Amino acid sequence: MAPSPTGLLHIGNVRTALFNWLYARHEGGEFRLRIENTDTSREVAEAVDHIQESLRWLGLDWDGPHTFQLDRMDDCRRVADELVAQGKAYQDDGAIRFRMPDEGVTVWNDIVRGPVEFRNENLADLVLVRSDGRPTYNFASPMEDVWDGITHVIRGEDHISNTPTQINIIRAIGAELPIYAHVPNVAGADGKKLSKRHGAVTVAEFRKDGYLPEALMNFLALLGWAPDGETTIMNRGELVTRFDLTRVSASPAQFDYAKLDWMNGVYLRELPGEEFAHRLLIWLGENGYDWDAELVTQAARLVQEKIARLAEFPGFAGFLFGDVEPEPADLDGGAQILAAADEALASLEPFEAASIEAALRDAADRLGLKPRQAFQPIRVAVTGSKVSPGLFESIEVLGRETTLNRLRAAAAVAA
RNA sequence: GCCCCCAUCGACUAGCGGUCCAGGUCGCGGCCCUUUCAAGGCCGUAGCACGGGUUCGAAUCCCGUUGGGGGCACCA
């Protein structure tokens with residue numbers, strides 16, 4: 001993986017990185033991280049740390065230390081000088097340009113696209129070294145591939161037109177060519193390049209939105225690849241064992257946020273209860289919520305089946321952690337049932353979901369109310385919302401005192 | 001403008017010449033379940049871009065058209 005340190009890690013780059021990682025892990029090879037920082041003017045100070053932090057969170061571990069392209073500046077210059085000496089490159093306004101062949105074709109057998117061919121007459125003489133002495137990306141990149149013994153270059157299709165140029169450089173220095181695989185781009189719902197206006201695009205944003213890295217990996221793996229026509233849910237291990245680069249599609253895929261949400265929900269629900277609570281705690285901590293861990297753990301089990309992203313937790317369970325302000329209109333004139341509920345729960349023992357349910361159903365019966373009519377005002381009174389986790393479990397966790405207070409406060413407004 | 005790539009339901013895809021009047025998943029619609037919302041179960045909706053070939057036979061192979069995307073920097 002060879003990101004340039006210009007900002008946060010983009011999800012499209014993550015998809016390409018994932019294919020590299022899956023291929024390397026499947027084949028027992030190495031996955032390398034190279035920071036392509038030859039354009040110092042665009043470099044952002046924090047970017048390298050952000051990129052590594054994001055990769056770690058995603059579980060995309062790389063082999064060996066990460067390298068910086070700029071560290072090979074001197075080596076690149078030396079090669080450029082040799083090429084000039086050999087007549088394969090020439091001085092031009094203080095820069096050094098590579099002399100591309102102007103007849104014939106440059107062809108390579110791309111793993112995902114098959115043979116790709118460019119006429120050499122269409123290849124421009126590439127600037128190898130800028131007039132300020134820094135090598136350019138299209139020179140440094142193939143050189144590093146050679147020096148690092150890169151066997152497979154798996155990158156986005158936006159690099160297709162760079163490939164013939166890079167191949168000619170590698171040939172000129174007499175080194176062996178790597179195998180190339182150009183994977184399709186990831187687009188937004190409009191078919192255009194995935195960007196901010198489509199939704200979350202950086203790893204940091206997906207993390208903040210409460211997606212699980214394993215769900216994100218599963219979803220991304222399916223953008224341009226499928227093991228068969230049936231399987232959609234695959235954990236990391238399954239992805240590694242089943243991944244096959246030759247099955248990667250050549251056509252671009254659109255990023256479907258709705259499907260990601262569904263898949264994240266699947267992963268959330270599959271988590272063991274304690275693990276789900278643990279993930280919630282971590283997410284809450286990362287996002288500035290200082291909520292009681294014990295209460296979060298109790299609340300977790302009430303919402304696990306109901307949310308698709310961790311970020312939905314505060315909206316669903318917030319009533320357990322702070323005061324509520326029910327809309328009087330939502331109480332739906334339920335003064336009677338609220339009073340009845342108050343009475344039914346005031347000295348109920350034990351104060352548990354099952355007994356609470358029995359008591360409230362009994363109260364509803366006596367008022368001749370259908371469950372739906374009776375429980376909705378109580379729900380609004382107690383949780384402050386028309387949508388909530390299971391009412392009886394919620395009341396149990398909330399506790400008698402708070403429940404009764406909210407019931408009374410609401411009864412006063414409803415009347 | 002030039003170069004390159006791509007083309008199956010709205011989306012992600014399976015399909016690699018007959019087993020496809022095209023299968024799975026998301027979404028969407030309906031029904032069931034139900035204390036709300038979800039989840040779950042069942043049913044349904046919807047597609048091989050178009051035109052020529054090749055072949056006994058094409059979603060699958062070839063050519064063209066159209067459409068979409070990417071690239072044309074002393075950016076990466």
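Since we're looking at a predicted model, the values are computed, not measured. Protein chains get the first letters and strands the later ones, always in sequence-line order, with residue 1 at the start of each. Note: hydrogens, waters and symmetry copies are ignored here, and every other heavy atom, side chains too, is used.
A:Asp92 comes within 4.0 angstrom of a nucleotide base, judged by non-hydrogen atoms across all strands. As judged by a 4.0 angstrom heavy-atom cut-off over every strand, A:Arg379 is placed among the base-contacting residues. A:Asp93 comes within 4.0 angstrom of a nucleotide base, judged by non-hydrogen atoms across all strands. Heavy atoms of A:Leu391 sit under 4.0 angstrom from at least one base atom. Backbone-only engagement by A:Gly224 is indicated by non-hydrogen atom pairs under 4.0 Å involving sugar-phosphate atoms exclusively. Residue contacts shown for A:Pro3 are absent, as no nucleic acid heavy atom lies under 4.0 Å away. In this structure, A:Glu357 reaches neither bases nor backbone, as no heavy-atom distance under 4.0 Å exists between it and the strands shown. Among the heavy atoms of the strands, none lies under 4.0 Å from A:Arg34. Within 4.0 Å of A:Ala253, counting heavy atoms only, lie sugar-phosphate atoms of the nucleic acid but no base atom.
Comparing A:Phe392 and A:Ser131, the nucleotide of RNA chain B nearest to each residue sits closer to the 5' end for A:Phe392. Between A:Ala189 and A:Thr231, it is A:Ala189 whose nearest contact on RNA chain B lies nearer the 5' terminus.
The pair A:Arg78-A:Asp75 meets the salt-bridge criterion, since a charged nitrogen lies less than 4.0 angstrom from a carboxylate oxygen. Taking the charged nitrogens against the carboxylate oxygens, A:Glu305 and A:Arg269 have no contact shorter than 4.0 Å, which rules out a salt bridge. Ion pairing between a basic and an acidic side chain is recognised when a charged N comes within 4.0 Å of a carboxylate O; A:Arg77 and A:Glu82 show no such pairing. Remark: A:Asp92 does not engage A:Arg99 in a salt bridge, criterion side-chain N to carboxylate O under 4.0 Å.
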Distances under 3.5 Å only, N/O to N/O: pair up the protein atoms with those of nucleotides 59-70 of chain B.
residue, atom, partner, partner atom, Å
B:G69, OP1, A:Lys192, NZ, 3.2

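At distances below 3.5 Å, not a single donor-acceptor pair connects side-chain atoms of A:Glu214 with backbone N or O atoms of A:Arg236. At least one donor-acceptor pair under 3.5 Å links the side chain of A:Asn235 to the backbone N or O of A:Glu238. Judged by distance alone, with hydrogens and angles left aside, the side-chain atoms of A:Arg15 form a donor-acceptor pair with the main-chain N or O of A:Leu223 at under 3.5 Å. Side-chain atoms of A:Asn287 come within 3.5 Å of backbone N or O of A:Trp283 as a donor-acceptor pair.
Between A:Tyr180 and A:Trp108, the ring-plane angle classifies as perpendicular under the 30° and 60° cut-offs. Classification of the A:Phe206-A:Tyr257 ring pair by plane angle, with boundaries at 30° and 60°, yields parallel.
The stretch residues 257-272 of chain A comes close to RNA chain B through A:Ala258, A:Lys259, A:Trp262, A:Arg269, each having a heavy atom under 4.0 Å from the strand. Near RNA chain B, meaning a heavy atom under 4.0 Å from it, residues 118-128 of chain A has A:Phe118, A:Asn122, A:Val127 in order of number. Contacts between residues 39-47 of chain A and RNA chain B, defined by a heavy-atom separation under 4.0 Å, are made by A:Asp39, A:Arg42.
Remark: B:G44 base-pairs with B:C28. Criterion, Watson-Crick or G-U wobble with two distances under 3.5 Å. Both distances falling under 3.5 Å, in either a Watson-Crick or a G-U wobble arrangement, occur for no nucleotide opposite B:U19. Remark: B:C72 base-pairs with B:G1; criterion is Watson-Crick or G-U wobble with both hydrogen-bond distances under 3.5 Å.
For the pairing with A:Asp145, the side chain to side chain donor-acceptor pair (under 3.5 Å) check across A:Arg34, A:Gln166, A:His152, A:Arg32 returns one residue only, A:Arg34. Of the candidates A:Thr163, A:Asn13, A:Thr16, A:Thr163 is the only one forming a side chain to side chain donor-acceptor pair (under 3.5 Å) with A:Arg155.
When ring centroids are compared, A:Phe255 and A:Phe219 come within the 6.0 Å threshold.
Qualifying side-chain contact (heavy atoms from CB on, under 4.5 Å) partners for A:Val303, counting only residues two or more places apart in sequence or in other chains: A:Phe276, A:Ile307, A:Phe313, A:Phe316, A:Ala317, A:Pro389. A:Glu205 pairs by the salt bridge (charged side-chain N to carboxylate O under 4.0 Å, His left out) definition with A:Lys196, not counting sequence neighbours.
Within the structure, every side-chain polar atom (N or O) of A:Ser251 is placed at least 4.0 Å from both OP1 and OP2 of B:C5. The shortest distance between the side-chain N/O atoms of A:Arg97 and the OP1/OP2 oxygens of B:C74 is below 4.0 Å. For B:G15, the OP1/OP2 oxygens have a side-chain nitrogen or oxygen of A:Arg247 closer than 4.0 Å.
For A:Val116, whose side chain is taken as the heavy atoms from C-beta onward, the closest listed nucleotide among B:C5, B:C26, B:A14 is B:C5.
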